Number of protein chains: 2
Amino acid sequence: MGQGALTKERIFQAALKAFALHGYEGARMDKIAAEVDINKATLYFHFKSKEDILRELFQDIVLKYRDKMNAIVTGCKDMPCKERLKTIYREYLEYNLDNAEMDFWNRIYYLPPTNLREEIISITSESKKEFVANLACIMEEGIKQKELQQMNPSHMAYTFYNILTCIDLSSGLMSKEQALLEMDNCFEVLWNGIKGM
Amino acid sequence: MGQGALTKERIFQAALKAFALHGYEGARMDKIAAEVDINKATLYFHFKSKEDILRELFQDIVLKYRDKMNAIVTGCKDMPCKERLKTIYREYLEYNLDNAEMDFWNRIYYLPPTNLREEIISITSESKKEFVANLACIMEEGIKQKELQQMNPSHMAYTFYNILTCIDLSSGLMSKEQALLEMDNCFEVLWNGIKGM
DNA sequence: GTCTATAGGGAGATAGAC
DNA sequence: GTCTATCTCCCTATAGAC
């Protein structure tokens, strides 16, 4: 791996920060270059265009996210239901809060460049479906084991997921500690609604 | 009210659309002028700057939102608890889904122009607190009436609010009908967790 | 109040030397 | 692979006529 590959990786990191902080339109190629401490023109040796940087970055981050989610779900597969859900809940939050990659995703999802809009929304939707499907399996298992109520597992999974994703909306309004605390409270309310009698 | 006031209102509407669709950075003054069918220079007779349009627009929208939320909460104050929460839930969603003003708010909240960042986050945070406080009162009342469980009313309110706000995240991924349906399911799960025994 | 014209400053991207 | 220099376009904002 030569110098080039290293530079490309550093461009990735700088671009991630820039897109997360300022969005696609607001991110500036010259600022990214300055952050990497290379000339602006050098960016165009490594990437065809600004849009190209975004596309590659997005694909990378989606893959990492998917791997992480699968690892979280798998890592706790032998726990009893409540403990398992709580573990997923906490690890999801830990991964998302103060994570530049998730900031990036949220911002790019909200204001995608027109050309990539369809692709970004579609991939985001897929990713959500996959995670909710995983959760639904866990709910189904919990019902079988009588740890959960006889309810529609998809509805339970979707509700669980909704509460989780709200950290993305709220976390900018409070500290990470505060967010985790509030989320713990939400978990207890939710658990109360789905646990077996 | 002369021609000027009318033009200003039309600029507001066009700017709202532009900011909601493209964010602050992405919105273009010439496109806004074209939409209003006036010359670009005329914008600067009615507003000092682009930032100025955003500021006035944001303040207007926050006021309308606050009024609407208060109207929703007040309009159902004589209902029993479940019906009241369900009404708030539905009316909140109806107001938010497919509402350009709320799109605008979400996008501006996620990527505010640097100069207005603090102000926008602070106002958004206040607005949330106010709504959650209203909800907490309703929960407290419901507990008194034995319609709800003996739980911390703030936690219940916060959980309720979190599920609500997720429409903002999810509504871009599905149709309005689909979103309302999924939200109905979430409401039932939530209600199950807070209702009295 | 609204227009034409243009200032003035970036922005993304490229050519070509080293 | 990285640089200097530059092109070209686009955007916000203003000057000044009507």
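Here is the naming used below: chain letters follow the sequence lines, and residue numbers restart at 1 for every chain. Bear in mind the structure is a predicted one, so any value in this text is a computation, not a measurement.
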**Prompt:** Which of residues 50-58 of chain B have a heavy atom under 4.0 Å from DNA chain D?
**Reply:** B:Lys50
**Residues forming a side chain to side chain contact (heavy atoms under 4.5 Å, CB included) with A:Asp98, sequence neighbours excluded** = A:Lys176
**Item:** Short side-chain N/O contact to D:dT2 OP1/OP2 from A:Thr7, under 4.0 Å
**Value:** yes
Can you give each donor-acceptor pair under 3.5 Å made by side-chain atoms of residues 187-197 of chain A, sequence neighbours left out, with the distance rounded to 0.1 Å?
residue, atom, partner, partner atom, Å
A:Asn192, OD1, A:Lys195, NZ, 3.1
A:Asn192, ND2, B:Gln149, OE1, 2.8
A:Asn192, ND2, B:Gly193, O, 2.7

**Request:** Strictly below 4.0 Å, heavy-atom distances to any atom of DNA chain C: list the hits from residues 16-25 of chain B, or just say none.
**Result:** none
**Asked** Atom NE2 of B:His46 and atom P of D:dA13: how far apart are they, to the nearest Å?
**Response** 16 Å
**Prompt:** Does the A:Ser125 side chain pair with the main chain of A:Ile121, one donor and one acceptor, at a distance under 3.5 Å?
**Reply:** no
**Complete:** Atom CZ of A:Arg10 and atom C1' of D:dG1 are separated, to the nearest Å, by 13 Å
**Message:** Under a plain distance cut-off of 3.5 Å, with no hydrogens placed, do B:Thr165 and B:Lys128 share a side-chain donor-acceptor pair?
**Reply:** no
**Between C:dT2 (P) and B:Asp37 (CG): distance, integer Å** = 11 Å
**Message:** Looking at A:Ala27, is its backbone amide N or carbonyl O close enough to the side chain of A:Lys50 to form a donor-acceptor pair, meaning the two atoms are under 3.5 Å apart?
**Reply:** yes
**Asked** Going by the salt bridge (Lys or Arg N to Asp or Glu O under 4.0 Å) test, which pairs reach into residues 130-151 of chain A, not counting sequence neighbours?
**Response** A:Arg66-A:Glu130
**Asked** What residues, two or more places apart in sequence or in another chain, satisfy side chain to side chain contact (heavy atoms under 4.5 Å, CB included) together with B:Ser127?
**Response** B:Tyr65, B:Trp105
**Asked** Listed in order of residue number, which residues of residues 38-45 of chain A have a non-hydrogen atom at under 4.0 Å from DNA chain C?
**Response** A:Lys40, A:Ala41, A:Tyr44
**Asked** Do any pairs count as a salt bridge (Lys or Arg N to Asp or Glu O under 4.0 Å) and have a residue in residues 150-165 of chain B, sequence neighbours left out, and if so which ones?
**Response** none
**Asked** Quick one: ring pair (Phe, Tyr, Trp, His ring centres under 6.0 Å) pairs with a partner in residues 112-147 of chain A, sequence neighbours left out?
**Response** A:Tyr92-A:Phe131, A:Phe131-A:Tyr161
**Request:** Enumerate the residues from residues 28-36 of chain B whose closest heavy atom to DNA chain D is under 4.0 Å, giving them by residue number; use none for an empty result.
**Result:** B:Arg28, B:Met29, B:Asp30
**N-O pairing of B:Arg55 and B:Asp52 below 4.0 Å** = yes
**Item:** Check ion pair A:Arg84-A:Asp78 (N to O, under 4.0 angstrom)
**Value:** no
**Message:** According to side-chain hydrogen bond (donor to acceptor under 3.5 Å, both in side chains), does anything in residues 108-122 of chain A pair up with another residue at least two apart or in another chain? List the pairs.
**Reply:** A:Glu51-A:Asn115
**Request:** With sequence neighbours excluded, give me every side-chain hydrogen bond (donor to acceptor under 3.5 Å, both in side chains) pair touching residues 31-44 of chain A.
**Result:** A:Lys17-A:Glu35
